[in-house]
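Report on the following structure.
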Protein chains: 2
Amino acid sequence: MKPRLRQGVLPQLIGYRLRVAQQAVFRDFAESVGGLSPGRAGMLLLIEANPGVPQGRLAEAVKLDRSTMVGVVDSLEDRGLIERRRGTDRRTNGLWLTRSGRVLAGRLRRRIERHEGRVAARLSASERAQLIALLEKLGQ
Amino acid sequence: MKPRLRQGVLPQLIGYRLRVAQQAVFRDFAESVGGLSPGRAGMLLLIEANPGVPQGRLAEAVKLDRSTMVGVVDSLEDRGLIERRRGTDRRTNGLWLTRSGRVLAGRLRRRIERHEGRVAARLSASERAQLIALLEKLGQ
DNA sequence: TATTGTTATACTCTATAACTATA
DNA sequence: TATAGTTATAGAGTATAACAATA
C-alpha cells in the first residue's frame, strides 16, 4: 500500500518524457528484435543503404567520435556482418555488408517493422505521424 | 561536396526519432544546465519532492536495479547533496537533501526551466502539449 | 599541414550474483 | 523465509590525446 512517488515538475518536461518513452521503446526493441542494440542495428541499415561509406562519414552521421566508431566497426566485423575495404583515398575504410550482413539486415527490417507496429499500437495513424513530425523538429 | 547519407527506413521509425531528439535535448541540457546529468538531476528533484524516500523505492520509480542505485546515491552523497538516514524499518535508508542539496535543487529547477524554454522554442505551445501527451502514451 | 583511422586510457551507466542485516 | 542495502564483478557505450599512414 505504498503511495506513489510525487513526481514534481518532471512529468511536464520534454526531456524527461523523451527519456521515459525511449526506455519503454528500447525494452520492446530488445524483446521483439533482439540480437543488436537499436544503435548498432541502425548502423547496419545505414551501411546497407550506403555501401562503401567511409567509417568516418558514418561516425559523423550518427554523431560518434571516429575513435569510438573503430570499436563499433570492429564488433560488427568480428560478427561477420560487415567488412572494411581500403578506399580509393587510401586513408579511408569503406564499409560493406557481407552476405550474412545482408541476410541479417533483411531480417532486422522485418522485425523492426513488427516492433514499430507494437510501439505504434498505442497511437492512431495520425498521432504517429504527428509524433514523428514533432520529434523531427527537436532532433538535429 | 559530400552527398548526404541515405537514411533508408530510419527516419520513419519512432524509436530512431526518439533517440535523435533525445540526444539533441541532452546536449542542450549539458550546455544550459550542467553539473549533473539529466538522470541524476531528476533524482535530486525526486528526493526533494519525496523527503525520506527509501532508496529502493527510488530505484523502482526510475527503473534502476537497487544495486545500481547504491552507486548513484553514493555519488550524490559524496558531493554533499543528499544524506542517508536509517529508517524506522532499520533495513532501509531514507534519502534526504542536505542544505546544499536544497540549494542546488532550486538552482536546477530554474536552469531546467530555461533549458525547457530553449528546447520548446522550436514548438508552439499546443505542439509542446501535444508532444508531451503523445510521449506519455508511449512511456510507462 | 590536414585528414583518416587507430591505440591507450578512462569515465559513465547499467546489470547479475552472492553477501549482511534486519524483518 | 523475504526484503533492503551492499559488494564484487562485468559489459555496454562513450570520449580525449597521441600516433602512423596518406593526402
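Model, not experiment: these values are computed from the prediction.
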Discussion item. With side-chain contact (heavy atoms from CB on, under 4.5 Å) as the test, pick out the partner of B:M43 among B:I82, B:V53, B:L64.
Written reply: B:L64
[X] [atom1] to [N] [atom2]: how many Å, rounded?
X	N	atom1	atom2	value
B:E60	C:dA15	CD	P	13 Å
B:F26	C:dT12	CZ	P	16 Å
A:N93	C:dT7	CG	P	11 Å
B:R85	D:dA4	CZ	C1'	19 Å
B:L76	C:dC13	CG	P	10 Å
A:Q55	D:dA21	CD	P	17 Å
B:R27	D:dT14	CZ	P	12 Å
B:E77	D:dG5	CD	C1'	13 Å

Taking 4.0 angstrom as the limit, do [X] and [Y] come out as a salt bridge?
X	Y	value
B:R128	B:E116	yes
B:R111	B:E31	no
A:D74	A:R84	yes

Item to complete: Determine the contact category for B:T68: base if any of its heavy atoms lies under 4.0 Å from a base atom, sugar-phosphate if only primed atoms, P, OP1 or OP2 are that close, otherwise nothing.
Response: base
Practice prompt. Give the nucleotide from the list D:dA4, C:dG5, D:dT6 with an atom nearest to the side chain of A:V70.
Written response: C:dG5
Discussion item. Just N and O in the side chain of B:R57: are any of them under 4.0 Å from OP1 or OP2 of D:dG5?
Written reply: no
Fill in: Within residues 63-84 of chain A or reaching into it, pairs that qualify as ring-ring contact (aromatic ring centres under 6.0 Å, His included) - sequence neighbours excluded
none
Item to complete: Taking the side chain as every heavy atom from C-beta outward, state whether B:T98 and B:V103 have any pair of such atoms under 4.5 Å apart.
Response: no
Fill in: Heavy-atom side-chain proximity of A:L36 to A:L104 below 4.5 angstrom
yes
For nucleotides 17-22 of chain C, give me every protein contact, N/O to N/O, under 3.5 Å, one pair per line with atom names.
none

Discussion item. Go nucleotide by nucleotide along DNA chain C from the 5' end; which of B:T88 and B:M43 gets its closest nucleotide reached first?
Written reply: B:M43
